Amino acid sequence: MIINKFQGKTEEEAKKKAKEKLGENCVVMNVREIKPKGMFKGFKSSTYEVTAALEEKEDYGYGSISKPKKISDSINLTADEDIVIPPPEKEFVIPKTPIRPVTRKQEIPQEPAANLKKANIIEQNEDEVLQSIEKRLDNLTNLLDEKNIPVNPLSQEELNYIRLIYSTLLDNEVNEKYANQVVEEIEKTIRPGNNLDMILSNFYQKLVLRFGRPQAISLNEHKPKVVFFIGPTGVGKTTTIAKISSKFKLDAHKDIALVTADTYRIAATEQLNVYAEILEVPLKVVYSSEELNEAIAEFADKDVIFVDTAGFSHKNEEQRNSVKKLIAEIPAEIEKEVFLVLSATTKYKDLCNIADIYKDIANYKLIFTKLDETDTYGNLLNIRLYTKTELSYITTGQNVPNDIELLDTQKIVKQLLGGN
Ligand SMILES: Nc1nc2c(ncn2[C@@H]2O[C@H](COP(=O)(O)OP(=O)(O)OP(=O)(O)O)[C@@H](O)[C@H]2O)c(=O)[nH]1
Ligand SMILES: [Mg+2]
């Protein structure tokens, strides 16, 4: 979906610009008269702003090789600035089902201002923030239900706009269940006549809240911290360890050691050994949880020990148990952290199965690899919501050490909404 704004001296001029830019098939979502302001406003006339949208697939003609211009500019609105959860509005619409006109309208007394700045929200537990917003909305819904007061329906433009955003989320493979949940919430918070930017901004806020705050590996004075990387075969565990090790050693000047418990393939140890040599960090190969504990004792003065594990198919119970044992049996006083490494190219259903199987092994945070191999990032949100676990790093290519970063929530949400 492409959404853009066009201005003109008349409504027709603005619409003409929209059609020139987006083509005849574009849909005019909103027309706004911009009244002149300032001392000389009496001498100036109004201008008009048209918000027009185009379903992206309509733009791919035969033989077209370049992608159409995307929505990122239009997403660059209030949501791009500090994230503010608006206080309940005086007029409040409570629709019964998603994406359907609503039928009632109510005056709600304004609650105390709840303008939460982005920083505050992010520092709080995201679930708590979400819960408190949902609770407040529930209260308002109940109030309306009790009073049984009529509400105006949303305009067709508003409903179309919500539909467009909804279908963009689905195009980006956000699971229908989660997309519906967001839409239901949006419908509770918008009211007829809401600026379309406000609707988009609402989607943006709700998605950012759902992603939560990505968690980096944090080191403290307890040495050594042991960090395990687990996950299916070939997702990029070893490569990700190499990238993270390099950042910790060369950028953060931490004292690190590597351990590999992946002894199922000869090449696996060799692969990590190459990285260990380049980084000049010690590497131990371990065959059992006892040997892992010996290695941890040997590396007791290190800041962090990264442990590579063997990828296995879901069905291989023996390998699964051996990884579980490795993690479970390290000494209780040693601080540990586990990352489940998943490829962004894996299907949602398979990711859910994998997430379930590894949940049985340990509590983990999520790393997504191979974002460079897909254009749709909905699964990051899906699995975050499915597992209720935190996201952390993403990797975007084979280059060690550069192709890794902490997930940038705002960037990914923009992409889910159709931005670049
Ligand atoms: N395109 C792309 N390739 C990646 C990325 N991360 C890793 N790879 C590639 O994926 C392949 C497998 O990476 P490994 O690090 O060996 O994967 P693994 O999970 O350790 O695999 P096993 O040890 O066999 O379970 C290699 O060719 C990597 O270069 C990434 O972010 N993007
Ligand atoms: Mg490996």
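Residues take their numbers from the sequence shown, with the count starting at 1. In listed order, ligands and their atoms are each counted from 1. Quick caveat: nothing in here was measured; it's all calculated off a predicted structure.
A donor and an acceptor atom, one from each side chain of E12 and Y48, are nowhere located under 3.5 Å apart. For the residue pair D356 and N353, no side-chain donor N or O sits within less than 3.5 Å of a side-chain acceptor on the partner. Side-chain contact annotation: E157 with S155, donor-acceptor N/O pair under 3.5 Å absent. In this model, no donor atom of one side chain and acceptor atom of the other lie less than 3.5 Å apart for D262 and Q271.
Note: no N/O pair closer than 3.5 Å links T369 and ligand 1 by distance alone. Taking only nitrogen or oxygen atoms, main chain and side chain alike, G397 reaches within less than 3.5 Å of ligand 1. Ligand 1 has no nitrogen or oxygen under 3.5 angstrom from a nitrogen or oxygen of T309. Ligand 1 has a nitrogen or oxygen under 3.5 angstrom from a nitrogen or oxygen of Q398. Backbone and side-chain nitrogen or oxygen atoms of T240 are examined, and none is located within less than 3.5 angstrom of a nitrogen or oxygen of ligand 1.
Within a 6.0 Å radius of CG in N363, no more than 12 heavy atoms belonging to other residues, nucleotides or ligands are found. Counting heavy-atom neighbours within 6.0 Å of K359 NZ, excluding the residue itself, gives a total above 12. The environment of K284 atom NZ is sparse: at most 12 non-hydrogen atoms of other residues, nucleotides or ligands sit within 6.0 angstrom. Within 6.0 Å of the CD atom in E317, the count of heavy atoms belonging to other residues, nucleotides or ligands does not exceed 12.
When only non-hydrogen protein atoms are considered, atom 31 (O) of ligand 1 lies nearest to T395 OG1, 2.5 Å. Looking from atom 16 (O) of ligand 1 to the surrounding protein, the closest heavy atom is Q271 NE2, 3.1 Å. From the protein, the heavy atom lying nearest to atom 10 (O) of ligand 1 is K370 NZ, 3.2 Å. At the shortest separation from atom 12 (C) of ligand 1 among protein heavy atoms lies G234 O, 3.6 Å. Distance from atom 23 (O) of ligand 1 to its nearest protein heavy atom, with residue and atom name: R265 NH2, 3.0 Å. Of the protein's heavy atoms, G236 N, 3.0 Å lies nearest to atom 17 (O) of ligand 1. Closest to atom 14 (P) of ligand 1, if we only count protein heavy atoms, is T239 OG1, 3.4 Å.
At a 4.0 Å heavy-atom cut-off, ligand 1 does not touch L371 at all. Counting heavy atoms under 4.0 Å from ligand 1, residue D372 touches it through the side chain alone. Counting heavy atoms closer than 4.0 Å to ligand 1, residue K237 contributes atoms from both its backbone and its side chain.
Put simply, the side chain of Y275 never gets that close to the backbone of T238: no donor and acceptor are under 3.5 Å apart.
For the ring-ring contact (aromatic ring centres under 6.0 Å, His included) with F339, the lone residue among F306, F229, F368 that qualifies is F229.
Between D255 and K223 there is no salt bridge, since none of the side-chain N atoms of the basic residue sits less than 4.0 Å from a carboxylate O of the acidic one.
Short contacts between ligand 1 and T396, defined as distances under 4.0 Å to a heavy atom of the residue, involve ligand atoms 31 (O). When each atom of ligand 1 is checked for a heavy atom of G311 under 4.0 Å away, the hits are 25 (O).
Residues L283 and A276 come closest through the heavy atom pair CB-CB, 3.9 Å.
Residue-ligand proximity: D262 is placed with a non-hydrogen atom under 4.0 Å from ligand 1.
Distance check for T239 against the Mg ion (ligand 2): none of its N/O/S atoms falls below 2.8 Å.
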